[in-house]
> 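Questions regarding the structure given below will be posed in turn.
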Amino acid sequence: MSHLLKDLNQAQLKAVTTTEGPVLVIAGAGSGKTRVLTRRLAHILTTRLAEPHQVLAVTFTNKAAGEMKDRVSQLLGGQTAQLQVSTFHSFCARLLRREAHRLSYKSDFTIFDAEDSRTLAKNCIKELGFSESQFLPKGQLRKISDLKGQLTGAESFTTQASGYFETRTAAIYSLYQKRLRECNAMDFDDLLFNTVWLLQNDQEVGDRYRWQFKYVMVDEYQDTNHVQYLLLKALLDEHRNICVVGDEDQSIYGWRGADIRNILEFERDFPGAKIIKLEQNYRSTAVILKAASAVIQNNEMRKDKTLRTDTGEGDKLELLMVDSAEEEASHVIEQIMARSDPHDLKETVILYRTNAQSRPFEEQLRRRNVPYQIFGGISFYERKEIKDLVAYLKLIANPADDVSFERIVNYPKRGIGTKTLAQIATLARVKNIPYLQVAVNAKEYPELAGKLKRLEPFVTLIGKYSDLVRSQPVDLITQDLVEELEIIPELLSEDPIIGQTKVENIEAFIEGTVEYARANAEAHLTDYLSEISLFTDLDSYRDMNDKLTLMTMHSAKGLEYDTVYLVGLEEGLFPLQRAIADPMELEEERRLFYVGITRAREKVCVSLARARFRFGEVEAVPSRFVSEIPEELINKHDFRTHHLYDYSASAQPSRTPASVSKAPAADREGTYYEYEEDEMLQPGRIVSHPTFGRGKIITVEGFGESLRLQIMFSGLGLKKIMAKYAKLKVIG
DNA sequence: CGATACGACATTTTT
DNA sequence: TGTCGTATCG
């Protein structure tokens with residue numbers, strides 16, 4: 001037997017060797033998914049079913065792609081240069097660079113990141129004269145992203161849009177796309193959208209790729225969205241050798257458009273599909289698996305699957321109940337320090353629902369001098385100093401990139417303010433040329449006469465580097481640029497302390513370009529930009545030595561640790577308030593809990609606080625997820641000074657909100673003054689709203705800070721209102 | 001143009 | 001309660 005087929009269980013072996021036709025591998029947590037994927041890929045290659053360039057493996061993160069490539073390369077002893085293991089986005093970016101001309105794009109198009117997109121969207125909303133508070137760039141982009149995810153283009157949305165908000169969104173969408181095109185830029189969603197469009201509508205391109213890829217594999221299939229699904233379909237007409245691997249219980253990106261139906265309905269989508277379930281878990285103890293299964297069983301939307309393990313029973317879970325977020329942090333840290341050898345710190349992780357929860361833990365860790373690392377928050381490439389520098393590179397590589405132009409034309413200060421910029425923008429619109437071209441032609445425009453002296457050095461600078469791009473490697477260009485712009489002294493003079501970190505970041509960035517240039521001698525600036533725009537911090541995550549790790553549960557997917565702390569297990573926080581009302585969202589929260597708990601090999605500790613300050617209010621009922629863990633699997637440690645809630649009484653907190661929320665109010669004077677108001681906000685009451693005026697309460701949902709009302713306002717109709725934001729007065 | 005003040009807002013975020 | 005973004009003033 002080939003070494004590729006050794007050490008595999010029955011199901012794994014079947015998954016590796018079933019190469020023809022559609023295959024769905026349901027891979028439970030810790031069931032050796034990556035091993036199956038890599039072996040399968042290597043198996044296809046060594047048995048000569050396909051040449052390396054005929055296989056495509058898609059993942060969601062660069063990190064996962066890199067790991068897979070490394071492992072396959074190890075199995076085969078090199079020979080993987082031609083292998084296409086990449087993320088959805090980088091696969092599409094590469095394809096589009098080759099085929100850009102078919103979409104009337106240039107092949108050196110820029111990829112806009114989230115911030116670039118936001119700037120552009122904001123400008124579009126402004127330009128259209130829409131109210132910026134009513135049409136928030138963030139919300140509009142969310143909608144545009146959803147539409148692109150459904151393969152609905154701007155034109156087709158415009159024809160189907162109706163009503164005040166939709167027609168305006170359609171206008172924003174259309175203008176946004178128009179501007180992107182003018183900038184020779186695509187956003188993240190465009191990469192997928194345009195690729196699918198090409199494959200579906202350009203016969204030649206479609207045929208070529210369908211013919212090329214004999215085998216396609218997809219990791220984390222439960223997190224694919226509709227466009228990604230269509231992309232696979234568009235690649236698959238002929239051979240239909242597709243193997244998707246996933247676990248519907250770990251689908252946690254529904255809010256981003258991931259469509260759990262893709263995996264649940266795979267058999268219907270791909271008739272004749274073979275289903276292989278990997279149910280043997282190699283990671284966690286039996287107790288952990290039992291707890292995880294018991295909780296996830298409360299979900300309706302899942303395929304039945306039972307994880308088994310040969311590992312021993314293991315320790316029971318621990319439940320830590322304390323009074324506040326601060327005490328939660330100190331108890332948890334104390335426990336970690338008491339029980340783990342210092343070298344175990346890297347095998348311990350603290351997982352929370354929201355990034356904001358990291359703060360008290362950070363404070364404790366700093367106070368006690370415990371080494372730690374936090375993931376999340378602003379990523380390296382989102383830092384202002386890096387983005388500014390990258391904007392220069394982007395503009396140098398793509399002179400049509402107006403968003404980058406706007407960002408740096410006055411950085412460092414050149415005396416080119418908003419007024420000048422607005423004039424440039426107007427001229428660019430009228431002449432139908434990029435901003436930079438307006439600046440280049442500045443002397444032709446009387447409006448800019450006064451600014452000639454200020455624009456000229458900038459234009460010269462960009463022009464100089466644009467010429468250099470052809471002859472110089474990325475790292476030299478970047479170094480020269482940093483020097484010429486005098487960025488480092490500038491940063492240090494602003495604020496020596498903060499400036500120092502910024503300078504270090506700039507230096508780290510330069511270091512990155514040096515490494516890149518060394519590894520990719522032939523690469524052009526565009527290639528480098530393309531790579532970094534599709535790169536995230538998580539990709540550079542390495543197990544640092546002896547450091548405690550903190551991150552959100554979302555970020556933890558795919559990782560594993562000996563000991564896992566799941567903190568903040570309170571109704572309203574986990575599950576989040578807004579998920580409680582919606583069964584679909586609630587199930588996703590539960591899957592998130594499942595993901596969290598199954599990261600652990602040996603020990604799980606969950607914790608909750610009796611009271612937690614959030615926007616100045618207290619509220620805390622133990623999470624239902626805690627009560628879904630069978631009693632016999634968990635040890636409880638109650639450090640609360642008040643035993644207001646019976647732990648078992650939290651089983652259905654949503655059904656008895658009022659009585660539960662009353663308890664703390666009675667006990668803590670002054671902290672819950674809103675309670676009396678809540679009491680009065682009942683259906684039938686007449687209230688007055690600062691902007692909407694008088695209205696009648698129709699329905700009341702939730703309690704405390706999440707109290708939501710439906711109010712009928714005269715002339716304005718029914719509005720949904722959060723009581724904590726609206727300053728309502730009861731007047732009748 | 002830059003600094004300060006006030007008000008609005010408040011999940012998660014593979015690319 | 002903290003952060004961020006806009007508005008306004010000097």
Side-chain angles (χ1 to χ4, degrees), chain A residues 58-65 86-93 111-114 116-118 122 132-133 136-139 141-142 145 148-149 186-193 219-220 222-225 227-228 250-258 325 351-357 359 375-379 381-382 410 413-421 494 530-539 541 551-559 568 572-580 585 588-589 591-593 595-596 612-618 671 705-706 722 724-727:
Chain A
V58 210
T59 63
F60 277 84
T61 64
N62 295 302
K63 182 169 173 261
S86 60
T87 64
F88 274 103
H89 288 82
S90 56
F91 169 74
C92 291
I111 300 168
F112 272 10
D113 67 14
D116 300 330
S117 301
R118 230 195 57 194
K122 206 170 147 185
E132 281 175 72
S133 55
L136 297 166
K138 206 176 140 198
L141 276 175
R142 174 79 257 158
S145 176
K148 288 182 183 174
M186 298 190 198
D187 67 13
F188 289 140
D189 298 309
D190 285 342
L191 295 175
L192 296 160
F193 185 101
D219 192 14
E220 308 278 19
Q222 75 280 354
D223 288 327
T224 48
N225 66 15
V227 183
Q228 286 158 340
Q250 294 187 63
S251 162
I252 53 174
Y253 284 104
W255 52 274
R256 270 190 65 142
L351 302 179
Y352 34 74
R353 178 63 243 261
T354 65
N355 281 312
Q357 287 167 261
R359 189 165 286 217
F375 285 88
I378 334 136
S379 88
Y381 292 106
E382 284 162 17
N410 199 33
K413 299 268 163 352
R414 298 189 177 90
I416 300 166
T418 43
K419 248 180 88 187
T420 315
L421 190 61
E494 275 171 21
S530 189
E531 176 159 311
I532 63 169
S533 62
L534 298 175
F535 200 86
T536 66
D537 268 15
L538 212 63
D539 298 323
Y541 169 80
M551 65 175 97
T552 64
M553 286 180 232
H554 280 93
S555 311
K557 199 180 70 170
L559 305 175
L573 183 59
F574 192 30
L576 279 170
Q577 196 60 57
R578 51 170 302 180
I580 290 176
E585 285 187 41
E588 184 153 308
E589 296 280 305
R591 290 193 292 269
L592 188 56
F593 182 78
V595 167
R612 187 176 296 267
F613 277 88
R614 290 221 295 160
F615 326 135
E617 282 183 72
V618 282
T671 55
E705 65 161 326
S706 65
M722 293 285 282
K724 72 165 170 172
Y725 296 129
K727 293 174 190 83

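Sequence lines set the chain letters: A, B, ... in the order given, protein chains first and strands last, and positions in each chain run from 1. Quantities reported herein were computed from a predicted structural model and do not represent experimental measurements.
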> Heavy atoms under 4.0 Å, any strand shown: does A:I532 hit a base, just sugar-phosphate, or nothing?
nothing

> Check A:L534 against A:S90 and note the closest heavy-atom contact, atom names and distance.
CD1-CA, 3.7 Å

> From B:dT14, B:dT13, B:dT11, pick the nucleotide closest to the side chain of A:D223?
B:dT14

> So what does A:T418 hit on the nucleic acid, given a heavy-atom distance under 4.0 Å: a base, only sugar-phosphate, or nothing?
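Sugar-phosphate: the residue A:T418, judged by heavy atoms under 4.0 Å, touches backbone atoms but no base.
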
> My understanding is that only residues two or more places apart in sequence, or in another chain, count here; which of them pass side-chain contact (heavy atoms from CB on, under 4.5 Å) with A:A258?
A:D223, A:Y253

> Identify whether any heavy atom of A:F88 sits under 4.0 Å from a base atom; if not, whether one sits that close to sugar-phosphate; answer base, sugar-phosphate or nothing.
nothing

> Between B:dT12, B:dG2, B:dT14, spot the one nearest the side chain of A:F60, thanks.
B:dT14

> Closest-nucleotide mapping onto DNA chain B: is A:N410 or A:T224 further toward the 5' terminus? I mean the 5' end.
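The 5'-side residue here is A:N410.
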
> Please find the pair of heavy atoms, one from A:A325 and one from A:R612, that lie closest to each other, and give the distance.
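Nearest pair, atom of A:A325 first, then A:R612: CB-NH1, 3.5 Å.
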
> For nucleotides C:dG5 and B:dT12, find the distance between their P atoms and express it as a whole number of Å.
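Rounded to whole Å, the distance is 15 Å.
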
> Give the dot-bracket line for DNA chain C from 5' end to 3' end: parentheses for intra-strand Watson-Crick or G-U pairs under 3.5 Å, square brackets for crossings, | for inter-strand pairing, dots for unpaired.
||||||||||

> With sequence neighbours left out, write down each residue that passes side chain to side chain donor-acceptor pair (under 3.5 Å) with A:R359, or none if nothing qualifies.
none

> Think A:S90 has a side-chain N or O under 4.0 angstrom from the OP1 or OP2 of B:dT15?
no

> Using atom P in both nucleotides, what's the gap between C:dC4 and B:dT13 to the nearest angstrom?
16 Å

> By side-chain contact (heavy atoms from CB on, under 4.5 Å), which residues pair with A:D116, not counting sequence neighbours?
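For A:D116, the residues satisfying side-chain contact (heavy atoms from CB on, under 4.5 Å) (neighbours in sequence not counted) are A:F112, A:D113, A:K387, A:K394, A:V403.
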
> Between the protein and nucleotides 2-4 of chain C, are there any N/O to N/O pairs under 3.5 Å, and if so, what are the atom names and distances?
from: C:dT3; atom 1: OP1; to: A:R359; atom 2: NH1; distance (Å): 3.4
from: C:dT3; atom 1: OP1; to: A:R359; atom 2: NH2; distance (Å): 3.0

> For A:D189 and A:E589, take the nucleotide of DNA chain B holding the closest heavy atom to each; which residue's nucleotide lies nearer the 5' end?
A:E589

> Nearest 0.5 Å please: distance from the CG atom of A:L576 over to the CZ atom of A:R578.
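Going from the CG atom of A:L576 to the CZ atom of A:R578 covers 9.0 Å.
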
> Hey, is A:W255 doing a stacking thing with B:dT12, by the 5.5 Å centroid and 30° angle criteria?
yes

> Classify A:N225 by what it touches in the nucleic acid, base, sugar-phosphate, or nothing, heavy-atom distance under 4.0 Å.
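The residue A:N225 makes no contact with any strand.
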
> Any side-chain N or O of A:N62 under 4.0 Å from OP1/OP2 of B:dT15?
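Yes, within the criterion.
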
> Mind checking what makes side chain to side chain donor-acceptor pair (under 3.5 Å) contact with A:E220, not counting sequence neighbours?
A:K33, A:Q222

> When the C1' atoms of C:dT3 and B:dT14 are compared, how many Å lie between them, rounded to an integer?
26 Å

> Side chain of A:F188 only, heavy atoms from C-beta on: which candidate in B:dT14, B:dT11, B:dT15 is closest?
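In terms of side-chain proximity for A:F188, the closest of B:dT14, B:dT11, B:dT15 is B:dT15.
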
> Sequence neighbours excluded, which residues qualify as side chain to side chain donor-acceptor pair (under 3.5 Å) partners of A:T59?
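A:T59 satisfies side chain to side chain donor-acceptor pair (under 3.5 Å) with no other residue.
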
> Could you write out each protein N or O paired with an N or O of nucleotides 6-10 of chain C at a distance under 3.5 Å?
from: C:dT6; atom 1: OP1; to: A:K122; atom 2: NZ; distance (Å): 2.8

> For A:E531, check side-chain contact (heavy atoms from CB on, under 4.5 Å) against everything at least two apart and list the hits.
A:Y516

> Can you find a donor-acceptor N/O pair under 3.5 angstrom joining the side chain of A:R256 to the base of B:dT12?
no

> Applying ring-ring contact (aromatic ring centres under 6.0 Å, His included), can you list everything that pairs with A:F188, at least two apart in sequence or on another chain?
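A:F188 satisfies ring-ring contact (aromatic ring centres under 6.0 Å, His included) with no other residue.
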
> Tell me every residue that passes side chain to side chain donor-acceptor pair (under 3.5 Å) with A:S145, counting only those two or more places apart in sequence or in another chain.
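Once residues adjacent in sequence are excluded, the partners of A:S145 under the side chain to side chain donor-acceptor pair (under 3.5 Å) criterion are A:D189.
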
> Distance check: side-chain N/O of A:T552 vs OP1/OP2 of B:dT11, anything under 4.0 Å?
no

> List for me each residue that meets side-chain contact (heavy atoms from CB on, under 4.5 Å) alongside A:R414, sequence neighbours excluded, and say none if there are none.
A:Y392, A:N410, A:P412, A:I416, A:F458, A:L461, A:L485

